[in-house]
Amino acid sequence: MRLRVLGAAAGGGFPQWNCACQNCERARAGAPGFEARTEDSLAVSKDGEFWFVLNACAAIHAQIAAFPPLWPRAGRTSPIAGVVLVNGDLDHVLGLFTLRESTPLVVYATDAVFRALVDRNAVAQTLKRFPEQLTHRRLALGAPTPLLLPSGEPSGLSIVARPAAGKLPIHLVGSSDPSPEDNVGIWIHEDGSPRVAAYVTAAATLDGLRPALDEASCVFFDGTFWREDELIALGLGKSTAREMAHLPIGGPTGSLAALRDVKARKIYMHINNTNPILDPGSPERRAVEQAGWQIATDGLEVTL
Ligand SMILES: [Zn+2]
Ligand SMILES: [Zn+2]
């Protein structure tokens, strides 16, 4: 399978429009090594012809423009055969509503995430102007879901969604009950191949995930924050990393230590603009690279 990081930043992107932290300032100034990144999204294909996009952020038009295999090949069509959602956070779903120009969309999501997206959401009507415009394929927890081509044939790829410790999207807190379906990690399998890619970019803990991470050949993991109190220490926010459903990288219980023994190729993505690993000269960057991790940039490709 071919995997392509369409966007490597956490919500807000890098630089973030309203942020003047050191990293964002340097990215705006074009400092070497501070590459701008769009919000988190990963594309995967078995044949290079049809693609599945994991998470649709607000920058999806720019992400498609930057990657010719996602360009239409005739008339009003798209090689994007499906969009997979890991949760209902706006930085993962807003792009769906910008793909409203009447090409049918297939969304793979748990019932909880899909319902929250379309119920009581007037804007969702723009994707339901004709019956086949929006198709939901349900992700059941822990069971394989085949990814289908537009013809209905199997693509040769399938995914397993596993519940990850998360939270409701901010806009649903207080109006919806939390469910294990609210936030998942995605394991991508290819027929006839032992190689598996894991995509877990929102997880407050490793509970229930660790054995399955050991099965993966390549892990794209939550690189949102280095420190638990990163936003608080910088005076930029009030929530801790775990309160925002992101396990920090650093510290004795962070992902760098906890995933030390995972043998897979390991890539941090969904990186918040405040994270010191974005600074090529920082000790945090050195620590991550010395531990064998890669730091995703937009356009990074992995073939498994
Ligand atoms: Zn996110
Ligand atoms: Zn910033």
Side-chain angles (χ1 to χ4, degrees), residues 1-5 8 10 40-44 52 54-55 84-87 89 92 108-110 113 139-145 147 157-167 180-191 193-226 228 241-242 244-272 275 277 284 287-296 300-304:
M1 72 181 91
R2 182 174 168 197
L3 300 135
R4 161 107 178 180
V5 174
D40 193 272
S41 182
L42 182 72
V44 60
F52 298 88
L54 281 65
N55 290 330
V84 180
L85 301 179
V86 304
N87 63 31
D89 287 351
H92 302 164
Y108 293 81
T110 63
V113 167
L139 287 184
L141 299 180
T145 301
L147 297 178
L157 298 174
S158 59
I159 55 176
V160 177
R162 294 190 165 85
K167 58 163 186 51
E181 290 198 347
D182 290 335
N183 188 54
V184 297
I186 300 288
W187 275 249
I188 310 167
H189 298 256
E190 180 176 356
D191 291 354
S193 169
R195 290 183 289 279
V196 176
Y199 174 75
V200 182
T201 56
T205 70
L206 289 167
D207 294 352
L209 301 176
R210 181 55 207 274
L213 285 175
D214 281 322
E215 287 168 22
S217 331
C218 182
V219 173
F220 296 88
F221 197 77
D222 188 338
T224 311
F225 297 114
W226 176 266
E228 179 68 18
R242 284 179 178 86
M244 296 172 78
H246 297 295
L247 179 65
I249 297 173
T253 58
S255 58
L256 197 61
L259 299 179
R260 186 187 296 125
D261 298 330
V262 171
K263 299 282 184 295
R265 178 171 175 182
K266 294 181 279 194
I267 299 169
Y268 278 123
M269 62 188 281
H270 199 281
I271 305 163
N272 197 55
N275 193 324
I277 66 169
E284 293 86 354
V288 163
E289 288 181 342
Q290 276 173 358
W293 284 78
Q294 246 181 304
I295 295 161
L300 174 73
E301 288 211 21
V302 174
T303 302
L304 286 185

remark   = Here the gap from Leu3 atom CG to Leu300 atom CG, rounded to the nearest 0.5 Å, amounts to 9.5 Å
inquiry  = Give me the atom names and distance for the closest heavy-atom approach of Gly185 to Ala164.
reply    = N-CB, 4.2 Å
note = Leu209 and Ala203 have their tightest heavy-atom pair at CD1-CB, 4.1 Å
key: Heavy-atom check, side chain of Val219 versus side chain of Trp187, under 4.5 Å   = no
task = Give, for atom CD1 of Ile188 and atom CG of Leu147, the distance between the pair rounded to the nearest 0.5 Å.
result = 8.0 Å
note = Rounded to the nearest 0.5 angstrom, the CG-CD1 distance for Asp222 and Ile249 is 8.0 Å
ask   = Under 3.5 Å, is there a donor-acceptor pair between the Asn275 and Tyr268 side chains?
value = no
key: Shortest non-hydrogen separation from Ala8 to Ala296 and the atoms involved   = CB-O, 3.4 Å
key: Heavy-atom side-chain proximity of Val86 to Asn55 below 4.5 angstrom   = yes
ask   = Would you find a donor on one side and an acceptor on the other, under 3.5 Å apart, between the side chain of Asn87 and the backbone of Gly166?
value = no
inquiry  = So, taking the atom named NE2 in His246 and the one named OG1 in Thr201, what distance separates them when rounded to the nearest 0.5 Å?
reply    = 8.0 Å
message = For a quick test of reading the model, state the closest non-hydrogen atom pair linking Ser41 to Met269 and the distance between them.
response = O-CE, 3.8 Å
query = Just wondering, do Ile186 and Leu42 contact through their side chains at under 4.5 Å, heavy atoms?
reply = no
query = Rounded to the nearest 0.5 Å, how far does CD1 of Ile277 lie from CH2 of Trp226?
reply = 8.0 Å
key: From CA spacing to verdict: side-chain contact (heavy atoms from CB on, under 4.5 Å), Phe220, Val5   = CA-CA 10 Å; Phe220 296 88; Val5 174; 4.0 Å; yes
key: Nearest atoms (heavy-atom pairs only) where Lys167 meets Asp182   = O-CB, 4.2 Å
inquiry  = What I'd like to find out is whether the side chain of Pro180 reaches to under 4.5 Å of the side chain of Leu141, using heavy atoms alone.
reply    = yes
ask   = Are the side chain of Asn183 and the backbone of Ala202 linked by a donor-acceptor contact shorter than 3.5 Å?
value = yes
query = Can you list the steps and then say if Leu139 with Val113 is a side-chain contact (heavy atoms from CB on, under 4.5 Å)?
reply = CA-CA 10 Å; Leu139 287 184; Val113 167; over 6 Å; no
inquiry  = As an exercise, state the distance from CG of Leu304 to CD of Glu190, rounded to the nearest 0.5 Å.
reply    = 8.5 Å
Salt-bridge criterion met for Glu228 and Arg242 (N-O under 4.0 Å) = yes
Can you give each donor-acceptor pair under 3.5 Å made by side-chain atoms of residues 259-267, sequence neighbours left out, with the distance rounded to 0.1 Å?
| unit_1 | atom_1 | unit_2 | atom_2 | d |
| --- | --- | --- | --- | --- |
| Lys263 | NZ | Asp261 | O | 3.3 |
| Arg265 | NE | Gln294 | OE1 | 2.9 |
| Arg265 | NH2 | Gln294 | OE1 | 2.8 |
| Lys266 | NZ | Leu259 | O | 3.0 |
| Lys266 | NZ | Arg260 | O | 3.4 |
| Lys266 | NZ | Val262 | O | 3.1 |

message = Taking Thr110's backbone N and O only, do any of them form a donor-acceptor pair with Glu181's side chain (distance below 3.5 Å, no angle check)?
response = no
key: Closest approach of Thr224 to Ala10 (non-hydrogen atoms, all atoms of both residues)   = CG2-CB, 4.0 Å
